[in-house]
Amino acid sequence: MDQEKQRRLRTLPAVHEVITRLEHDEEFSPFLTNERQLPRFTQGVRQVLQKARENVNRNFTDSFAEFETSLWSWLKIQLLQELACPETSLRRVINGTGVILHTNCGRALLAPEVARFVAEQAERYSNLELNIETGERGSRYVHVEELLCHLTGAEAAMVVNNNAAAVLLMMNTFAQGKDVIVSRGELVEVGGSFRIPEVLKAGGCKLVEVGTTNKTWLKDYEAAIGPQTAVLLKVHTSNYRVEGFTHSVSGAELVELGERRGIPAMEDLGSGSFFDGASLGFPIEPTIKQTVKAGLALVTFSGDKLLGGPQSGIIVGKKEYIERLRANQLTRALRIDKLTLAALEATLRLYENGGIEDIPVWRMLSLPLDTLKSAASELVVALQSNPAIIVELKEDVSQVGGGAWPTADLPTWVCAIRLKSGSVTELEKFLRLGPVAILSRIHKDWVLIDVRTLLSGDQGDIVRRLGELA
Ligand SMILES: *Cc1c(COP(=O)(O)O)cnc(C)c1O
């Protein structure tokens, strides 16, 4: 076996040999005659040869004669595929995981009309910070403020880079060098890099923890109030649930206590949602509008979680508080970019004029089970003739992701795939390393493709990739 392996490895050509041999090949000459493409071509050859070495180390199903004769055509096919991959670092992937707000894959998808508006704005000058009526300098926030006030019922609004920035700005503006009271049950960590205690520290505030992990009462906040107390902060426990004997204090109760003691109550709502998810069977949680109605001085939430827009941090609340945020020097450092602002404006307009169907995140969240079943069956049928794999239609559950509704089960249908010979991890890797990365979920010895998060064109790419195994 070892001798055979050595013999095959020796048969593999060197990089320069591949280049020389393909120099006059029609399919490759566009790369070889263009000086700017040459490094990419060489890199492609290196990668393909590496893959060939890995294959030699792994399998010996064919005879040496077969190996030798098919080697060059194999190398050429692989190389063409390698060169067909987009050159950019950021590229499309197929999300077969069923996680709708997949943080690693860019969270919320924007609606097509939103994407078009962003593209238009990118290529043209705009009135980003110009008051057209007066010809004088304007504010970039006006483009979304009225929409946000209308949608949330707040008096004023502004936007920053993301919700982490919103919380940082809010705390730095109102509690720098002072105390912020937070329940021990709400000291959340989101995505490993956002931790309430750390953000407070970064904002120059002192955290005063009250209550216990499972129970915090209004009297706990009240007892902790001192001369240094600047803010009563409520944080949404986005990505976990404490069950059993629990008690937490509502935003409205904090507002009432704050009013009595002259301290503003604020809330980091995390995801927040304009739609009432309960009507679709999701856990009952106050909508953004209901949260604002409790009378909090400020409420912050993300633009790219359940809102379904671009990465941004939205702050709504009382006018005097929003004005003080805008006056903070940090606002400049955390400021929202014009393309993001364009995406946010267009998304908010969809909420004004449309419904659940118009926001891709909500369309995916509300896909009927029979639609999912027929999409999954279609994929199963398209793969059934593939001799290298076994495919089955199965029921499963999708996830919302993005730290929203962590305990919500979204029943779905998946296409379950197995290699006739080969492991589940090999199959997952094969899908991921194709011309378009296909992300799937492994469950026991099956690779699952959840159709909930597939987009048009994805099915064809999945069938084509798996066809390469045949
Ligand atoms: C997600 C989340 C954040 C961070 O929001 P980003 O927009 O990702 O910065 C902050 N707080 C809570 C409660 C969250 O759920």
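Along the sequence shown, residues carry numbers from 1. None of the values given here were measured: they were computed from a predicted structure. In each ligand, atom 1 is the first atom listed, and ligand 1 is the first ligand listed.
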query: Out of S271, G303, G270, S302, whose heavy atom sits nearest atom 12 (C) of ligand 1?
result: G270
Check [X] against ligand 1 and report side chain, backbone, both or neither, counting heavy atoms closer than 4.0 Å.
X	result
Q311	neither
R107	side chain
N163	both
S238	side chain

field: Aromatic plane relationship, H247 with W217 - under 30° parallel, 30 to 60° tilted, over 60° perpendicular
entry: parallel
message: Contact between F301 and V316 at the side-chain level, heavy atoms closer than 4.5 Å - yes or no?
response: yes
Residues E189, R195: salt bridge by 4.0 Å N-O rule: yes
field: Salt-bridge present (E320, K318; N to O < 4.0 Å)
entry: no
Checking a contact table here: which protein heavy atom is nearest [atom], and how many Å away?
atom	result
atom 1 (C) of ligand 1	K305 NZ, 1.4 Å
atom 11 (N) of ligand 1	D268 OD2, 2.6 Å
atom 9 (O) of ligand 1	A164 N, 2.9 Å

- line: CG (L151) and CZ (R349) are apart, to the nearest 0.5 Å, by 10.0 Å
E145 CD to S139 OG distance, which is reported to the nearest 0.5 Å: 7.5 Å
- prompt: Can a donor-acceptor pair be found between the side chains of K51 and Q78 at a distance below 3.5 Å?
  reply: yes
No-hydrogen, no-angle side-chain donor-acceptor test under 3.5 Å, N163 and T300: yes
message: Quick check: D304 and ligand 1, any N/O pair under 3.5 Å apart?
response: no
- request: Return a yes/no value for F194: is any of its N or O atoms, backbone included, closer than 3.5 angstrom to an N or O of ligand 1?
  value: no
message: With heavy-atom distances below 4.0 Å as the criterion, list the atoms of ligand 1 near H236.
response: 13 (C)
query: Which of the numbered atoms in ligand 1 are below 4.0 angstrom from a heavy atom of V190?
result: 1 (C), 2 (C), 12 (C), 14 (C), 15 (O)
